[in-house]
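A note on names: the letters A, B, ... follow the listed sequences, proteins ahead of strands, and every chain is numbered from 1. The analysis underlying the following values was restricted to heavy atoms, covering all of them including side chains, and did not include hydrogens, waters or symmetry mates.
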There are 2 protein chains.
Amino acid sequence: MQVTIREVAKAVGVSPSTVSRALTPGGTVSAATRDRVLAAADRLGYQPNRAARGLITGRTGAVGLIVPDLLNPFFAEACKGAQARARGLGHSLIVSDAERDEGLEMDAIRTLAPEVDGIVLTASQLSAEELGSLRGLTAKPVVLLHRREPGFPSVTADLAEGMTDALTHLHALGHRRIAYVGGPRSTWEARERAAGVEAMAQTGTIDLVRVGSVAPHFDGGITGAADVVLASGATAVVAFNDIVAFGLISRFTARGVRVPDDMSVVGCDDIALSGMAAPPLTTVSVPKAHAARAAVDLLFRTLRTPEVEGEEPLQRVLPTHLVVRGSTAALAAH
Amino acid sequence: MQVTIREVAKAVGVSPSTVSRALTPGGTVSAATRDRVLAAADRLGYQPNRAARGLITGRTGAVGLIVPDLLNPFFAEACKGAQARARGLGHSLIVSDAERDEGLEMDAIRTLAPEVDGIVLTASQLSAEELGSLRGLTAKPVVLLHRREPGFPSVTADLAEGMTDALTHLHALGHRRIAYVGGPRSTWEARERAAGVEAMAQTGTIDLVRVGSVAPHFDGGITGAADVVLASGATAVVAFNDIVAFGLISRFTARGVRVPDDMSVVGCDDIALSGMAAPPLTTVSVPKAHAARAAVDLLFRTLRTPEVEGEEPLQRVLPTHLVVRGSTAALAAH
DNA sequence: CTGAAAGCGCTAACAA
DNA sequence: TTGTTAGCGCTTTCAG
């Protein structure tokens, strides 16, 4: 069997409650006793029983992470970051892949809630109302990652700024007619990125070609979008994210259009593969792991100091930055 | 507060233990009582308390997954598969990223063990001895994924066969001098893949150029390996995995060597991006999600019917298959 | 500062 | 088939 506090107590010659106090951060024990208890616990290989502790404290020692799709390296990296930070804070991380489905996302929240101390909800597809309904569904704190919504603590990246930077970069290279291939219309992320693009278009410095939206994975109609870009006469294109950018480049290459010679391409996210592609992708870098760690930190902050009714929770916005690599080039003179 | 079995019991007019029995799969209750209990539980919104249940049963309701690196899409996909299957079986999945470090992997096992009912250990870097020492370290069952070792249940892919297929494909295209860029020398996976390559070399049908090993991520010295391949006079190259293949192609492109016109490249794993790259990558497809699900299934099987001393546990080997895409072509006549 | 006692929510003997 | 009883390992009052 496993070593319990009773055995540690017996070894030291104190009561179980004293051992418990010595092991608890805020316990009122004399330094001497604490030392002896700690030494004995260590020697006997004592490991606290999470279930027993959780039964009393109500804490599970785990945090939940819900992502739309682990296959997307963007979320895999978020998972890695969240996992590392959670473990660093003495908690384990339970992942749940919502498969980009609102229903499954709700299910995931429902099943996860009782098993964790709090949830990091990544790139949630839920409507503002559904999100609001969460308060009644579970008392467990929820932190939004890559989604901002009033009433919720959140960590996001400044995507609008990133998109503006991308267009500015293209403009500086001489491009004027620039296409934007957007992401799934309904998502917060897509709206946020589109906002940055539109802001730039408003200035009149560029001639924006809006190419509708595609699903952010390979079979999301990217081929068709690429053809539309080609037909539009644009000399550069900004994609919703790196994956879409890769799809675009693939189609361009197949059609004999060279990147960056004939067409400049900018992605977004800066997933690991972007630097290794041929050509390496110019992209808007998002601090994926950092954001995930920040979300976990924010969750723990909420755990320690519960939210105050009526007070707007903290919303962190992390900066993005453009990484110029080989998929963009100066507009060739014609 | 939360709804307990006592309130359900009171509502139905039975004892708490009857409620417990009605809720337990093997419980001996009359169908009528079970129905009434279930109805009441549902109506009151009863949710079993995992901690309380776990305190008695010793079960945590979670399974652990340890991977070398979530950034590698290969493992992200394994995580996705394992997560889905675990949840389907009513368990949650706790992930732990070992950062390709033996020490961290051991730590991960140690910290994970008490929090889960069993562990899926993916592509373990541990030596056979260290693996063996696990039996003493924890009584929790461990299933190996993408690693085979006597005494452990495991799920692996037939990598050797896959590599042989890749070389056969290249041979059929007319290539004779073929390079192999291996992975981290010490790992089981690298040895397994190398075995397939060497088996083919033994037949004498091809002229194998062994280019040493690189770390399976972008900055793993791939550039140097690519140059060695170029200098060797090989007309085709098989890479340890898709990521290495991408790195190779990137370097080839930078040096003006066209793929597949001047050089054919075959990867391994078939990560999602492979089909979307330019050119799309010919690769040995490994059933990543399937293998992960199988590993979770095997873990549950072990949980239900504990391993018998002296009896060799089940080792499943899943088939791989070559996916021919655009990065390989017939050897040009010279 | 420390010990005794109670009990978190649930399951598992053991009776009935 | 059901109820009673005990207790999993731990924290937390409450006394001392």
Side-chain angles (χ1 to χ4, degrees), chain A residues 1-41 44-62 90-91 113-117 139-140 303, chain B residues 1-41 44-62 90-91 113-117 139-140 303:
Chain A
M1 246 340 257
Q2 126 181 289
V3 188
T4 74
I5 56 168
R6 302 173 57 131
E7 317 188 25
V8 177
K10 209 167 293 175
V12 183
V14 294
S15 74
S17 22
T18 301
V19 175
S20 173
R21 275 187 283 257
L23 264 25
T24 316
T28 58
V29 227
S30 71
T33 328
R34 160 164 289 136
D35 289 346
R36 286 166 52 221
V37 169
L38 258 35
L44 298 176
Y46 168 77
Q47 294 258 127
N49 181 319
R50 286 203 173 205
R53 179 174 287 178
L55 188 53
I56 295 187
T57 61
R59 289 292 181 89
T60 67
H91 278 237
E115 306 170 11
V116 299
D117 294 335
K140 299 289 171 68
L303 244 30
Chain B
M1 239 350 251
Q2 142 180 272
V3 188
T4 74
I5 54 168
R6 302 173 55 132
E7 316 188 26
V8 177
K10 208 168 294 173
V12 182
V14 294
S15 76
S17 25
T18 300
V19 175
S20 173
R21 275 188 284 256
L23 264 26
T24 315
T28 58
V29 226
S30 71
T33 345
R34 160 164 287 134
D35 289 347
R36 284 166 56 220
V37 169
L38 258 36
L44 298 176
Y46 168 78
Q47 295 258 128
N49 181 319
R50 286 204 174 205
R53 179 175 288 178
L55 188 52
I56 295 188
T57 61
R59 291 293 183 88
T60 66
H91 278 236
E115 306 171 9
V116 299
D117 295 334
K140 299 288 171 68
L303 244 29

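The CZ atom of A:Arg6 sits 10 Å away from the P atom of D:dG7 (whole-angstrom rounding). Following rounding to the nearest Å, A:Arg34 (CZ) and C:dC1 (P) show an atom-to-atom distance of 10 Å. Note: NZ (B:Lys10) to P (D:dT2) measures 20 Å, nearest angstrom. Distance A:Arg50 CZ to C:dC8 C1': 18 Å, rounded to the nearest Å.
Atom-to-atom distance recorded for B:Leu303:CG and B:His91:NE2 is 6.5 Å, nearest 0.5 angstrom. Residue B:Glu115 holds its CD atom at 9.0 Å from NZ of B:Lys140, rounded to the nearest 0.5 Å. Expressed to the nearest 0.5 Å, how far OG of A:Ser30 lies from CZ of A:Arg21 amounts to 11.0 Å.
Taken over five-pair windows at either terminus, the axes of the helix from C:dC1-D:dG16 to C:dA16-D:dT1 are inclined to one another by 30° (rounded to 10 degrees).
In terms of position on DNA chain D, the residue among B:Leu55 and B:Ser30 whose nearest nucleotide sits closer to the 5' end is B:Ser30.
Minimum heavy-atom separation, A:Ile5 to A:Tyr46: CG2-OH, 3.3 Å.
Residues satisfying the side chain to side chain donor-acceptor pair (under 3.5 Å) test with A:Ser17, not counting sequence neighbours, are A:Ser15. B:Glu7 meets the salt bridge (charged side-chain N to carboxylate O under 4.0 Å, His left out) test with no other residue; sequence neighbours excluded. Residues passing the salt bridge (charged side-chain N to carboxylate O under 4.0 Å, His left out) test with B:Arg36: none are found, sequence neighbours excluded.
Contact annotation for A:Thr4: backbone-only contact, meaning every heavy-atom pair under 4.0 Å involves sugar-phosphate atoms and none involves a base.
Residue pairs meeting the side-chain hydrogen bond (donor to acceptor under 3.5 Å, both in side chains) criterion with at least one partner in residues 51-60 of chain B, sequence neighbours excluded, are B:Thr60-B:Asp117.
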*asked:* At under 4.0 Å between heavy atoms, how does the protein contact nucleotides 11-16 of chain D? Give one character per nucleotide, 5' to 3', with B, S or -.
replied: BBB---
